[in-house]
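Structure, as structure tokens:
First the proteins, then the strands, lettered A, B, ... as listed; each starts at 1. All values derive from a computational prediction rather than experimental measurement.
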Amino acid sequence: MPTIVVDVMPKAELLDPQGKAVAGALARLGNDRFTDVRVGKRFELTVDGPVDDAVLASVREIADDLLSNGVIEDVVNISVVDAAGTHSAAAASGALA
Amino acid sequence: MTRVGVITFPGSLDDRDAQRAVRFAGADPVALWHGDHDLQGVDAVVLPGGFSYGDYLRCGAIASHSPIMREVVAAAERGVPVLGICNGFQMLTEAHLLPGGLIRNDHGSFICRDQVMRVENTSTAWTNGYEVGQQITIPLKNGEGGYIASAETLERLEGEGLVVFRYLGVNPNGSLNDIAGVTNERGNVVGLMPHPEHAVEAGFGPDTPAAMRSGVDGLAMFTSALRSLLAA
């Protein structure tokens with residue numbers, strides 16, 4: 001069954017306390033090559049049946065209305081993973097700013 | 001008697017305390033359930049604190065899509081007083097009844113303390129019993145209480161006087177402009193991170209210079225709602 005992947009990140013201009021905590025841990029472990037860490041979310045929606053435009057349109061809506069909060073987060077990617085595991089970008093319109 | 005609904009969601013913690021605060025204020029608390037479509041004709045609504053749905057997805061996000069929230073949104077649009085405390089405040093922002101959002105505390109830790117705040121707006125349904133500039137002390141307990149909004153929204157909030165409470169002394173969670181609570185344009189919907197329902201009875205509130213645990217600064221929020229309903 002195909003899967004639609006939705007990636008959500010905290011808005012770039014806002015503080016990401018979780019990422020800051022991870023960056024702090026990296027520094028304590030002696031990793032000094034990384035200047036910043038930001039932590040986001042990946043949603044995998046398994047689709048019953050083929051992925052058509054209607055499904056993608058509803059995913060874009062879900063991504064904006066439920067999976068992300070536009071005040072604090074951005075939807076940064078919506079892509080389709082087919083049964084073979086191949087990624088394909090799913091039309092960047094709508095949900096993607 | 002004035003009836004104030006307190007909605008219980010899966011993971012609500014302070015619903016009983018909120019009901020008790022309503023009773024102390026002289027109103028009749030009505031227990032409401034998140035899965036219902038019915039506000040049972042209550043005169044005002046309180047969304048209590050807690051960790052609805054385990055804070056999954058985002059704090060308050062799943063609860064903000066529950067069946068009863070449709071009724072809450074409709075009631076808020078009719079002018080019914082709605083108060084969101086802590087997790088309830090998060091739900092109100094997720095439901096777009098209040099502007100901005102709440103993110104993890106900037107220091108990364110859960111914080112629990114008796115918090116001093118300044119009352120900035122006394123024209124709301126929930127704060128008309130305070131004086132402008134009054135300093136009140138109310139317990140605060142949260143992990144994700146950092147109030148944020150776009151620069152444009154912040155400017156509007158400040159310009160229109162929609163900031164209701166501001167942290168004094170310590171900013172406990174990195175909230176922008178030290179914002180502890182906000183209201184909508186109409187002044188009937190108020191959300192705040194600190195817990196007024198935990199400061200309504202001497203013996204169980206924050207410490208004051210007068211006596212241990214004697215602080216009751218939260219009670220005026222609930223009596224304010226009654227007053228605004230009686231005046232309406």
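Judged purely by distance below 3.5 Å, without hydrogens or angles, the side chains of B/N105 and B/E144 never pair a donor atom with an acceptor atom.
Using a 4.5 Å cut-off between heavy atoms, A/L14 contacts chain B through its side chain alone, with no backbone atom that close. Only the backbone of A/D65 comes within contact range of chain B, judged by heavy atoms closer than 4.5 Å. Contacts between B/I62 and chain A at a heavy-atom distance below 4.5 Å are absent for every atom of the residue. Contact of A/K20 with chain B is made through the side chain alone, with heavy-atom distances under 4.5 Å. In this structure, the portions of B/L57 lying under 4.5 Å from any heavy atom of chain A include both its backbone and its side chain. Interface residue A/E73: only side-chain heavy atoms are found under 4.5 Å from chain B.
Listed options B/S150, B/G100, B/G108 were ranked by heavy-atom pairs under 4.5 angstrom with chain A; first place goes to B/G100. Contact count against chain A (heavy-atom pairs under 4.5 Å) is highest for B/R58 among B/H96, B/R58, B/R104, B/E94.
Shortest non-hydrogen contact noted between B/A180 and B/M117 is CB-SD, 3.6 Å. Nearest heavy atom pair, residue B/P196 against residue B/M221, reads CG-SD, 3.5 Å.
Atom CZ of B/R16 sits in a sparse spot, with 12 or fewer heavy atoms from other residues, nucleotides or ligands closer than 6.0 Å.
Under the 4.0 Å criterion applied to side-chain N and carboxylate O atoms, B/K141 and B/D14 are assigned as salt-bridge partners.
Between B/H34 and B/Y53, the two ring planes are perpendicular [angle over 60°; tilted spans 30° to 60°].
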